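Notes follow the structure.
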Amino acid sequence: MSEMPKSYDPKLYEDSIYKQWEESGFFNPDNLNGEPYSIMMPPPNVTGVLHLGHALENALLDTMARYQRMLGKKVLLVPGTDHAALPTQAKVEKLLMQEGIKNPRQEFGREKLVEKIKEFAENSKSTILSQVKKMGTSCDWSRLAYTFDEDRSKAVNEMFKRMYDDGLIYRGYRVVNWSVTGQSTCSDDEVVHVERAAKLYTFKYNKDFPITIATTRPETKLGDTAVAVNPKDDRYQKYVGKTYHIDVGAAKLLEIKIIADDGVEMNFGTGALGVTPAHSPIDFEMYEKQKAKGDPIGIVPVIGLDGKMTEAAGKNYQGLTVEVAREKFVQWLKANNLLEKEEEIVQNVGTSDRFGDVIEAIPMTQWWLNMRQEIPGRSKSLKDLLREAVTTGLENNPEQTVYITPDRFKKLYLDRIDNLRDWCLSRQIWWGHRIPVWYRSTSFDSARDKSLTAGHEEIFCGTTDPKGDGWEQDPDTLDTWFSSGLWTFSTLGWPPRQAPSTWFETSRDKPNDLETFHPTSWIQMGYEIRDLWMLRMILMSSYALKQIPFKNVYFHGMLRDESGKKFSKSSGNNIDPLDVIQHYGTDALRWSVLSGIAPGNDSKFYEEKIVGARNLVNKLWNIARFISTTAKITTSNSIPTAVTLSDQWILARLNETVKTVTENIEKYNFSYAGEALRDFTWNDLADWYLEIAKIESKKDEILNYILPTLLKLWHPYMPFVTEAIWQEMFGGEKMLMVEKWPALFDIAASNVVQPDFTIIQSIITAIRAVRAEHKIEPAKKISVTVKTSDKKLFVANEEVIIGLARLDNLVFDAGYQKNNSTVGFVIAGMEIFVDLSGAVDVVKEREQLQNEISRIEPYIESLEKKLSNQEFTQNAPAEVVEAEQKKLNEAKEKLAKLINQQKQLL
RNA sequence: GCGCGCCUAGCUCAGUUGGUUAGAGCAUCUCGUUUACACCGAGAGGGUCGAGGGUUCGAAUCCCCCGGCGCGCACCA
C-alpha cells in the first residue's frame with residue numbers, strides 16, 4: 001500500500017477511476033448477474049451544458065444505480081440526450097440572430113438551418129456526455145441513446161402510425177396556442193400563465209345593439225360572430241336567435257347572432273359574452289356546439305400568424321399589431337360614445353414557456369392526439385389508461401401500477417388527467433421528427449395553407465416514404481415530448497423486429513432488452529415535468545406495450561440559491577457544476593446536492609454546503625488513513641469479535657447504521673440515509689471509537705471489518721473517494737463498485753450495550769466540561785473519584801476514561817465525602833468528583849450546583865404531577881408509565897445527591 | 001376561484017404510526033501545534049416548534065381557524 005497523502009485530492013483520482021470502472025465492463029448489465037434493475041436517465045436537452053439540476057439528477061440516479069448494483073442486481077442505467085426540438089431551434093436561432101442574422105429561417109432555408117442546429121446539437125451532446133462522466137454516473141455507454149437518432153426516429157414513426165391507424169391521431173381545424181415569436185403552435189402544457197395588469201372595457205357594438213358586453217381584448221371584437229347569454233337569463237331571452245348586422249369598421253359588417261349557452265355566468269359582468277370563435281378556445285367550442293346544433297355562427301380570423309390584424313379586420317386595422325389595433329378600436333368606441341366602463345383588472349394570460357410572448361389563439365389545421373376516444377379493441381381511452389396506471393394498475397393488474405413519491409403528486413396527476421384535452425402534436429419548426437404523413441394534391445403549397453385549403457385528395461401515413469409520384473411530406477414536426485414519451489422503451493429495442501406493423505429492420509442488437517428491463521424499475525425527475533413527461537411516458541407505454549413505463553417514480557425538487565431564487569444565467573447566480581468539481585471534487589458535489597433534500601421539495605444550495613461536503617469526504621479519507629496506519633489491513637470478511645464495551649458499542653452502532661441506511665434508500669430518503677451515515681462516521685467512529693483505538697489495543701480485526709463496511713455504505717453517495725480508498729487498501733484487484741452491500745449481522749445484546757457505553761461517554765464529556773469551565777490546561781492531568789457501589793463498568797473502561805478525559809488517576813470510593821477542592825456531578829446515579837486541587841471557587845461551585853438543582857426540580861415536579869394523574873396511569877401504555885416512573889426515580893436520586901454535595905461544600 | 005406544499009436555534013434542515021427536559025450541520029464564543037484529519041479536536045451559548053383555538057392523560061406531531069411564503073390547476077368574458 002502506498003503512503004496516503006494528508007488530504008484527499010479528487011483530481012488525482014477521479015478521471016482514472018472512472019476509466020477503470022468503464023473498462024471493467026460492469027456498467028453494462030450484460031456482464032452482471034442477478035435480478036434486472038433498470039433506470040432511464042432523463043435525457044438532458046442538447047441546448048447547452050449541464051447545470052446544477054442535472055448534477056442533482058445524476059447524483060440521484062447514480063446513487064440508486066450503485067446501491068442496486070451492490071445489492072447484486074443486473075443494473076442497467078441508460079444514458080442519453082434529447083434533441084429538444086423547439087428549445088434547441090429557439091436557442092440556435094437566438095444565437096444566429098446575435099450574430100446578426102435577422103431571420104434565420106428565411107435566410108438559411110429549412111435544410112441549411114437544420115444543418116446548423118444539428119451541428120450545435122452534436123457539440124452540445126458531446127459536452128453533456130462528458131459532463132455525465134465527470135459526475136461519476138455509472139451508465140452503460142454501449143446503450144447510449146438520443147431521441148433523434150435512427151432507432152428512436154423509427155420508434156417515433158411507428159408509434160405515430162399505430163395511433164393514426166387506430167384513429168387516435170387525427171387532423172383537425174381548431175383554435176391552437178400560437179406563439180408569434182416562435183412561429184409555431186405549442187401544447188397546453190407549454191403555456192405558462194402569468195398575471196398582468198389589463199383593462200376591462202364594457203361597451204356596445206353600436207347604439208342600436210341591445211346588449212352590453214365586456215372584454216380585455218377589444219381588437220378581437222372585429223371578429224365577433226355572436227353574443228352568448230345564459231339560457232335562463234330573463235333579461236336577454238327575447239333576443240336569443242336574432243341576428244344583427246353591425247358596422248364596427250371591419251372589412252364586412254359584423255353578423256352577430258344572439259345565442260344561449262349554459263357556460264355564460266349570469267352574474268358576471270353584464271351576463272353577456274361577445275363570441276370570437278377564431279381567437280378564443282372557449283368561443284371556438286361554442287362555435288362547434290352551434291354547428292352541431294344546426295344553428296351555426298361564423299368564424300372570422302382577424303389576427304394572422306404574424307400577430308397582426310388581417311384583411312378581415314378591415315382597412316383601418318389591417319397590418320396593425322394587436323396592441324395598436326386595441327387602442328384604435330377603443331378610441332373608436334369612445335368617439336362613438338359606446339364605451340360604458342374602463343376598469344383596471346389583473347388577468348392571467350398564457351405565454352409561451354420558450355419564447356415568452358403572449359400566446360395568441362388562432363384557428364389552424366393541426367395534428368391532434370385524441371385522449372377521450374376509445375382505443376380499438378380495448379374499450380377504453382388513453383385517458384382511462386392514464387388513470388388506471390396509477391390507481392388499479394393497467395387492466396386491473398396490480399403489478400402494472402406506477403408508485404409515485406411523494407404521494408401527493410399522484411393527486412395532482414389525477415386532477416390533471418381530469419381536465420386533459422386533446423394533445424396538439426404538430427409544430428411549425430424544422431428541428432424535430434417530421435410528421436410521417438404525405439399528401440398528394442395539386443393545391444397544397446405550404447403548411448400555412450393547410451388551414452385554408454379544404455381537404456387533400458390523398459393522405460398517406462407510414463413509417464417510410466410512400467411509393468409513387470407527387471407525394472409531399474407534411475412540413476411540420478412533432479412535439480418533442482412525443483419522442484420523450486417513448487424513452488423507456490425506444491431505448492430498449494422497441495419496436496421489435498417481428499412487430500406486426502413493422503417492416504423495417506432495427507439496428508438494435510440486444511433484442512431481449514425490452515423483455516428483460518421493461519417496465520423499468522425506477523425513475524427520477526423534477527416535478528415541473530410531471531405532465532410534460534411522466535404523463536406522456538405512461539400514455540405511450542400503456543398504449544403500445546400494455547405496460548407501465550416504470551414501477552416507481554421519484555420527484556425531486558428544484559435547487560435554489562440562498563435567497564430561494566432559481567439558478568439561471570440571466571439572474572447571475574449560476575453555479576457551474578464543473579467549477580464545483582474542479583474546486584471540491586465530484587463526491588463533494590454529489591453529497592452537497594443530496595444532503596438536505598426531501599422528495600418533491602425544493603432545497604437551497606450554497607457554497608458552505610459544498611465546503612461541508614468536501615470536509616466530510618476528507619474526513620472519510622483520513623479515517624481510512626488512520627486505520628491503515630493503526631491496523632494491519634487484511635481482506636478478511638468475517639464478523640469480528642467484540643472484546644471491550646466500546647467494541648460492542650461500535651459494532652452495534654454500525655449494524656444499526658447499516659439498517660437505517662438500507663431502509664431509507666429503499667424509501668428514497670436519500671438525505672436521511674446519508675445523514676445517518678454521516679453521523680455514524682464522524683460522531684461515533686471518528687470522534688469516539690478511533691480515539692479509543694489509540695488507547696485500547698488489538699482493534700485490527702474490528703477496524704478491518706468497519707472500514708470496508710463503511711466504504712461500501714458510502715460508495716453510492718461518494719463513489720470516487722470510496723473507490724480510491726478501497727484500492728489504496730486492498731489493491732486494484734476487485735472494485736468496490738461491485739462489492740456486496742453490507743448485511744446485518746447478529747450482535748448479542750446490542751441493545752443493552754449501547755446505553756452502557758453512553759454512560760461512559762457522558763462521564764467523559766462531563767469531565768471535559770469541568771476542565772473547560774475551570775480553564776484547566778489540556779496538558780494537565782487530573783484526578784477523578786467515582787462514588788459508586790458497583791465499579792465493574794469503570795474498571796472495564798478505566799483506560800478509556802483516563803485517556804479521553806486526560807486523567808492521571810481514577811479512584812473508586814463508595815464512601816467518598818466531597819470537599820472544597822473537588823467539583824461534583826451526578827450521572828446515571830453515580831457521583832463523580834473532579835479534583836481541582838484547591839482551584840475550586842466555592843461560591844461559584846455552589847451556584848453551579850444550585851443551577852443544576854433548580855433545573856431538575858421543576859422536572860421532578862412535572863413528572864410527579866404526571867404520575868399522580870390517574871388518567872395518565874390508566875390510559876398510557878404500561879411501558880410509558882414505567883419509563884416515566886424510572887425517570888422520576890432517577891431524577892429524585894440525582895437531586896438528593898446534588899443537595900448532599902452542596903451541603904458538603906463548606 | 002379550487003387545490004397543494006412550507007413556516008422548528010442567526011442560517012439550512014431532521015424530528016418516520018402523539019409519549020426523554022425538542023435534535024443535527026453551518027455560523028457564533030472559549031480553549032487547543034494530544035503525530036488520521038486545522039478540510040481538525042474539546043467545550044459552551046442559542047428554540048414559548050408562525051398566531052389562536054380544539055381533541056387527548058399527554059401535541060412540534062392529529063383537527064379547526066387565522067397569518068406569512070412558495071407552487072399548481074382553472075374558459076370568468
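Chain identifiers are assigned alphabetically (A, B, ...) following the order of the sequence lines, protein sequences preceding nucleic acid strands; residue numbering begins at 1 within each chain. Remember, it's a predicted structure, so these values are computed and weren't measured experimentally.
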Do A:Arg408 and B:rC4 share a donor-acceptor pair, side chain to base, under 3.5 Å?
-> no
Using the C1' atom on both, measure B:rC65 against B:rG52 and round to a whole Å.
-> 8 Å
Using a strict 4.0 Å threshold on nitrogen-to-oxygen distance, state whether A:Glu728 and A:Arg625 make a salt bridge.
-> no
For the side chain of A:Pro877, starting at C-beta, report the closest nucleotide among B:rG19, B:rC39, B:rU21.
-> B:rG19
Among B:rA77, B:rC39, B:rC57, which nucleotide sits nearest the side chain of A:Arg614?
-> B:rC39
Identify whether any heavy atom of A:Arg771 sits under 4.0 Å from a base atom; if not, whether one sits that close to sugar-phosphate; answer base, sugar-phosphate or nothing.
-> nothing
Between A:Arg235 and A:Met266, is there a donor-acceptor pair closer than 3.5 Å when you use the side chain of the first and the backbone of the second?
-> yes
Could you say whether A:Arg625 or A:Ile282 is positioned toward the 5' end of RNA chain B, judged by the nucleotide with the nearest heavy atom to each?
-> A:Arg625
With a 4.0 Å cut-off, would you call A:Arg416 and A:Asp189 a salt bridge?
-> yes
With the sugar-phosphate defined as primed atoms, P, OP1 and OP2, and the base as all remaining atoms, what B/S/- string results for nucleotides 41-50 of chain B, 5' to 3', for protein heavy atoms under 4.0 Å?
-> SSS-------
Quantified in whole Å, what is the C1' atom distance between nucleotide B:rG45 and nucleotide B:rG54?
-> 37 Å
Cationic N near anionic O, under 4.0 Å, A:Lys659 to A:Glu656 | no
Verdict with reasoning, A:Ser187 to A:Glu190, per side chain to side chain donor-acceptor pair (under 3.5 Å) | CA-CA 5 Å; A:Ser187 68; A:Glu190 287 154 318; 2.8 Å; yes
Between A:Phe268 and A:Ser671, which has a closest nucleotide on RNA chain B that is more 5'?
-> A:Ser671
A:Asp679 and A:Asn683 side chains, donor-acceptor separation under 3.5 Å = yes
Hey, what are the protein-to-nucleotides 9-12 of chain B N/O distances that come in under 3.5 Å?
from: B:rU12; atom 1: OP1; to: A:Lys604; atom 2: NZ; distance (Å): 3.2
from: B:rU12; atom 1: O4'; to: A:Tyr606; atom 2: OH; distance (Å): 3.2
from: B:rU12; atom 1: O2'; to: A:Tyr606; atom 2: OH; distance (Å): 3.3

Would you say A:Asp418 has more than 12 foreign heavy atoms packed within less than 6.0 Å of its CG?
-> yes
Flag the pair A:Arg421 and A:Glu285 as a salt bridge only when some basic side-chain nitrogen lies within less than 4.0 angstrom of an acidic carboxylate oxygen.
-> yes
Applying side-chain contact (heavy atoms from CB on, under 4.5 Å), name anything that partners A:Glu675, two or more places apart in sequence or on another chain.
-> A:Trp591, A:Ser595, A:Ser671, A:Arg678
Under 4.0 angstrom, heavy atoms only, what part of the nucleic acid is A:Ala214 near: base, sugar-phosphate, or nothing?
-> sugar-phosphate
Between B:rU20, B:rA77, B:rC57, which nucleotide has the shortest distance from any of its atoms to the side chain of A:Val264?
-> B:rA77
Partner of B:rG18 by Watson-Crick or G-U wobble geometry, both contacts under 3.5 Å, or none?
-> none
Looking only at heavy atoms, the pair that brings A:Leu254 and A:Lys221 closest together is CD1-O, 3.4 Å
Residue pair A:Gln885 / A:Asn889, side-chain donor-acceptor N/O under 3.5 Å | yes
Encode nucleotides 28-35 of chain B as B, S and - characters from 5' to 3', where the letter depends on protein heavy atoms closer than 4.0 Å: B to the base, S only to sugar-phosphate, - to neither.
-> --S-S-B-
Considering only B:rG3, B:rC37, B:rG19, which nucleotide approaches the side chain of A:Lys6 most closely?
-> B:rC37
Has A:Asn869 got a side-chain N or O lying under 4.0 Å from the OP1 or OP2 atom of B:rC57?
-> no
Hey, does the Lys NZ or Arg CZ of A:Lys866 hover above the aromatic six-ring of A:Phe872, less than 6.0 Å from the centre and inside 45° of the axis?
-> yes
Kindly check if the number of other-residue, nucleotide or ligand heavy atoms within 6.0 Å of NZ (A:Lys865) is above 12?
-> no
Within residues 215-228 of chain A, residues whose heavy atoms come under 4.0 Å of RNA chain B = A:Thr215
Does a side-chain heavy-atom distance below 4.5 Å link A:Leu710 with A:Leu620?
-> yes
Whole-Å distance separating the CG atom of A:Asn230 from the P atom of B:rA77 = 17 Å
Should A:Ser280 and A:Thr220 count as side-chain neighbours, where that means a heavy-atom distance under 4.5 Å?
-> no
With the side chain of A:Asn601 defined as its heavy atoms from C-beta on, choose the nearest nucleotide among B:rG5, B:rG25, B:rA38.
-> B:rG5
Identify whether the distance between the nearest side-chain nitrogen and carboxylate oxygen of A:Glu890 and A:Lys887 falls below 4.0 Å.
-> no
Would you kindly say whether A:Asp602 and A:Tyr527 are connected by a side-chain donor-acceptor distance under 3.5 Å?
-> yes
Between protein and nucleotides 72-74 of chain B, what N or O pairs are separated by less than 3.5 Å?
from: B:rC73; atom 1: O3'; to: A:Arg416; atom 2: NH1; distance (Å): 3.2
from: B:rA74; atom 1: OP1; to: A:Arg416; atom 2: NH1; distance (Å): 2.9
from: B:rA74; atom 1: N6; to: A:Asn348; atom 2: ND2; distance (Å): 2.2

Phosphate oxygens OP1/OP2 of B:rC39: is one of them under 4.0 Å from a side-chain N or O of A:Asn622?
-> no
